[in-house]
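Here the structure is laid out as structure tokens; the discussion comes afterwards.
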Amino acid sequence: MGLEMWLRTGLLMAILTGLLMGIGYLFGGPSLAFIMFLFAMLFNFITYWYSDKIVLSWYNARIVDETEAPELYAIVRNLAERAGLPMPRIAIIPTETPNAFATGRDPKHAVVAVTQGLLRILNRDELEAVLGHELTHVKNRDILIGTIAAAMAGAIMQLAYWARWIAIFGSYDDRDGDNIIAAILVAILAPIAAMLIQAAISRSREFLADEGGAKLSGKPWALASALLKIEQAVRYRPMREGNPATAHMFIINPFRGMSIAELFSTHPPTEKRIERLRKLAEEMGYVPNF
């Protein structure tokens, strides 16, 4: 798993570097391509060391201490001890849309983030099961690849946004015709590149995290109930702020109803996840009531 993680991370960084160099070559030839290569090296460094902070800032997530969230801390501490993990930092996202994600470059630098809405609608068993899911992502080291992918996909989508404006308002002088064509190509191809980056995040990781979280908490029925509650709440109140490039990081895609979010949909259907949890509950000796 460690080798696979590093290979996938290296592939993501290589894709970003190649994309930026290609954009530089289209707009300014070899000299600008080299400058973009240097920029890509800097960006790769930043995304590795600071992508978690970037993602948390997109949601105005605030790190809280134990005095501010004693019950939340107690649940996470208990689960982390069971999983053999260091105690992660905990962040709260100021939105009523219920959801959660984990981020960080490794278990020692992990952050588990939950929304205010999640704390409001879930009971303790359901919250424990959701946090178990997120800590399984930490234990499986999914958080590095997921966080870097989110930061890179967000940057690529920003490039596409700028390229669209260049294409619309760029000069129509013959000398700038090539740049306008290049801007159109970037506006079209950049979202495709972002989709390819998202494709590096396997849907199977969510199934594995569901299974691990259910076993860690010992409450597969509670995780199934939580997934259903979150799914229904997101349909009613999807996130209107944030970055769709991070959709794969959440336990349920929080951007339902926004067309751009479909580009970043990496979650398996919730019904299939619940059905798997039903079978797991039976294997664990529980009679499913969901």
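In this chain, residues are counted from 1 in sequence order. Values below: every heavy atom of this structure, side chains too, minus hydrogens, waters and symmetry copies.
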Identify whether the distance between the nearest side-chain nitrogen and carboxylate oxygen of [X] and [Y] falls below 4.0 Å.
X: Lys219; Y: Glu126; result: no
X: Glu96; Y: Arg120; result: yes
X: Arg235; Y: Glu231; result: yes
X: Lys279; Y: Glu283; result: no

So [Y] and [X], do their side chains get closer than 4.5 Å, heavy atoms only?
X: Asp52; Y: Arg105; value: no
X: Val234; Y: Phe250; value: no
X: Glu71; Y: Val76; value: no
X: Ile75; Y: Arg124; value: yes
X: Glu66; Y: Arg77; value: yes
X: Asn99; Y: Ile93; value: no

Next on the checklist: By the definition side chain to side chain contact (heavy atoms under 4.5 Å, CB included), identify the one residue from Thr246, Val55, Val114 that meets it with Phe101.
Outcome noted: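 So, applying the side chain to side chain contact (heavy atoms under 4.5 Å, CB included) to Phe101 and each of Thr246, Val55, Val114, only Val55 qualifies.
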
Item to check | Ring centers of Phe34, Phe39 separated by less than 6.0 Å | outcome: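 No, too far apart.
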
Checklist entry - Would Leu280 and Glu211 count as a side-chain contact (heavy atoms from CB on, under 4.5 Å) if you check the C-alpha gap in whole Å, the side-chain angles of each, and the deciding distance to 0.1 Å? => result CA-CA 8 Å; Leu280 179 61; Glu211 180 179 351; 4.1 Å; yes

Item to check | Parallel, tilted or perpendicular, as decided by the 30° and 60° cut-offs, for the rings of Tyr59 and Phe255 | outcome: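 Ring orientation of Phe255 relative to Tyr59: tilted.
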
Next on the checklist: Which label fits His133 and His137: parallel for a plane angle under 30°, tilted from 30 to 60°, or perpendicular past 60°?
Outcome noted: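 Rings of His133 and His137: perpendicular, as their planes differ by over 60°.
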
Checklist entry - Hey, are Asp65 and Thr67 close enough side-chain-wise for a donor-acceptor pair under 3.5 Å? => result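 Thr67 vs Asp65: donor-acceptor pair found between side chains.
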
